[in-house]
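Inspection log for the structure reproduced underneath, given as structure tokens.
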Protein chains: 2
Amino acid sequence: MSDRQPSLDEQIAIYQREYRDLDPQVERVVNALSRLDRRMSVAYGRQLATLGLSGAEWEVLKELVMVGSPYQLWPGTIAKRLGLTPAAMTHRIDRMLAAGLVTRERDEENRVRVIIGLTDDGREKWLQVMRQASAFEEYLLQDLSNEERAQLGDLLIRLLDRVSAHLD
Amino acid sequence: MSDRQPSLDEQIAIYQREYRDLDPQVERVVNALSRLDRRMSVAYGRQLATLGLSGAEWEVLKELVMVGSPYQLWPGTIAKRLGLTPAAMTHRIDRMLAAGLVTRERDEENRVRVIIGLTDDGREKWLQVMRQASAFEEYLLQDLSNEERAQLGDLLIRLLDRVSAHLD
DNA sequence: GCTTCGAAGTTTAGAGTTGAAGTCTTCAGC
DNA sequence: GCTGAAGACTTCAACTCTAAACTTCGAAGC
């Protein structure tokens with residue numbers, strides 16, 4: 001009963017032993033994909049931790065920067081984009097407010113609404129993360145030629161379009 | 001302030017606007033990867049829900065089936081493989097026990113240990129999930145030729161090896 | 001103008017996770 | 001064989017998320 005995870009090939013062999021009608025080539029793609037994503041998440045998580053940031057905080061910073069100056073969004077909008085409930089958003093903002101990453105004020109044009117803004121500290125944190133992340137991503141892909149990178153991107157996007165169609 | 005997520009290309013353009021030193025080709029691969037994995041997780045999650053199973057339960061069933069007959073593991077082993085703490089494992093097992101998916105008994109060879117076993121119901125659930133999942137995965141890849149599938153698998157595995165090396 | 005309905009956030013209760021402390025069992029040294 | 005240390009799981013408290021009830025504000029109908 002080893003504690004370590006079996007290698008990808010071992011795992012696929014095991015699946016086939018337990019369930020015969022399985023296309024090994026399909027499994028190879030799907031399982032490599034999910035393992036890769038999980039390990040990349042671990043790597044990103046460690047990087048964030050060195051900057052004293054949680055993954056949850058990073059997600060919110062990203063959305064705020066991506067709307068562009070003046071870096072403001074309503075909580076409901078962020079929640080929808082991140083796939084969270086409004087309640088979770090309220091609590092996240094509370095914590096980020098305490099950490100000095102964002103501001104929260106009433107929208108004077110429609111006082112039901114609230115406006116979340118990015119602080120200079122938040123903007124600076126975003127930049128630090130981007131620097132680390134892009135270095136890591138470059139390292140990750142350094143063995144792939146330009147052609148291979150393009151090819152990989154194309155193939156992934158074809159799958160992405162298909163799964164998106166499936167979800168609608 | 002649109003609620004919808006920007007398209008992949010839009011998103012990369014935005015990143016470049018906010019952070020100049022970014023390789024768009026690298027971003028395309030990395031972002032396609034994470035979007036694809038997230039959406040596939042949503043799709044799998046919906047399938048599991050139709051069988052009355054949670055993602056957490058599915059992970060545990062998978063580990064138990066993968067060790068092969070007689071489908072037994074120690075809690076600590078499952079926890080390590082899933083990247084969970086022992087405490088979380090205890091509670092998951094509690095719930096799965098109540099759902100009739102697994103059994104829990106003391107290991108008589110070493111009474112510190114506990115043995116988690118798969119019930120027939122658990123085994124049957126696993127099979128049902130596999131049938132649904134493999135149909136979905138085949139659908140997902142149906143546009144890709146055999147060569148493209150092999151290529152995609154190879155490229156992903158090269159990235160996987162690299163990120164694994166990075167994490168050690 | 002008053003009422004009612006809908007929209008946006010917040011609050012509250014419940015489920016699942018983590019980290020730390022606690023319990024029980026085994027094993028090595030004496 | 002007794003004692004202390006280490007290992008495996010459980011218990012407990014704190015945290016984060018979801019679902020649902022609640023509050024506040026704005027707009028439409030009469």
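Please read these numbers as outputs of a predicted model, since none were measured by experiment. A, B, ... follow the sequence lines: proteins, then strands. Residue 1 opens every chain.
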> Is there a side-chain polar atom (N or O) of Arg104(A) under 4.0 Å from OP1 or OP2 of dA8(C)?
Replying inline: no
> Can you check the Met89(B) CE to dT17(C) P distance for me, whole Å?
Replying inline: 9 Å
> Nearest to the side chain of Thr85(B), which nucleotide is it out of dG19(C), dT26(C), dC9(D)?
Replying inline: dG19(C)
>> I need the CG-P distance between Asp94(B) and dC12(D), as an integer number of Å.
In response: 13 Å
> Taking atom P of dG16(C) as reference, at what distance in whole Å does atom CH2 of Trp58(B) sit?
Replying inline: 19 Å
> Whole-Å distance between dA8(C) P and Asn110(A) CG?
Replying inline: 8 Å
> Can you tell which of dC17(D), dT10(C), dT11(D) lies closest to the side chain of Leu84(A)?
Replying inline: dC17(D)
>> Measuring from atom CD1 of Ile12(A) to atom CD of Gln25(A), what distance do you get when rounded to the nearest 0.5 angstrom?
In response: 10.0 Å
>> Please confirm whether the shortest side-chain N or O distance from Arg106(B) to OP1 or OP2 of dT26(C) is below 4.0 Å.
In response: no
> Between atom CZ in Arg111(B) and atom P in dC27(C), what is the gap in whole Å?
Replying inline: 13 Å
>> Just to be sure I understand the rule, does Pro75(B) reach a base, reach only the sugar-phosphate, or reach nothing, if contact means heavy atoms closer than 4.0 Å?
In response: sugar-phosphate
> Is Arg113(A) near enough to dC25(D) that one of its side-chain N or O atoms lies under 4.0 angstrom from OP1 or OP2?
Replying inline: no
>> In this structure, how many angstroms lie between the P atom of dT18(D) and the CG atom of Leu82(A), rounded?
In response: 10 Å
> Atom CD1 of Ile93(A) to atom P of dC17(D): distance rounded to whole Å?
Replying inline: 11 Å
> Whole-Å distance between dA20(D) P and His91(A) NE2?
Replying inline: 16 Å
> Would the number of heavy atoms belonging to other residues, nucleotides or ligands and lying under 6.0 Å from CD of Glu109(B) be above 12?
Replying inline: no
>> Assess, by modelled atom type and distance only, whether the side chains of Glu18(B) and Tyr71(A) contain a donor and an acceptor separated by less than 3.5 Å.
In response: yes
> Out of Leu64(A), Ile116(A), Leu101(A), Leu118(A), which one pairs with Met96(A) under the side-chain contact (heavy atoms from CB on, under 4.5 Å) rule?
Replying inline: Leu101(A)
> Just by distance, with hydrogens left out, do Gln11(B) and Arg35(B) show a side-chain donor and acceptor under 3.5 Å apart?
Replying inline: yes
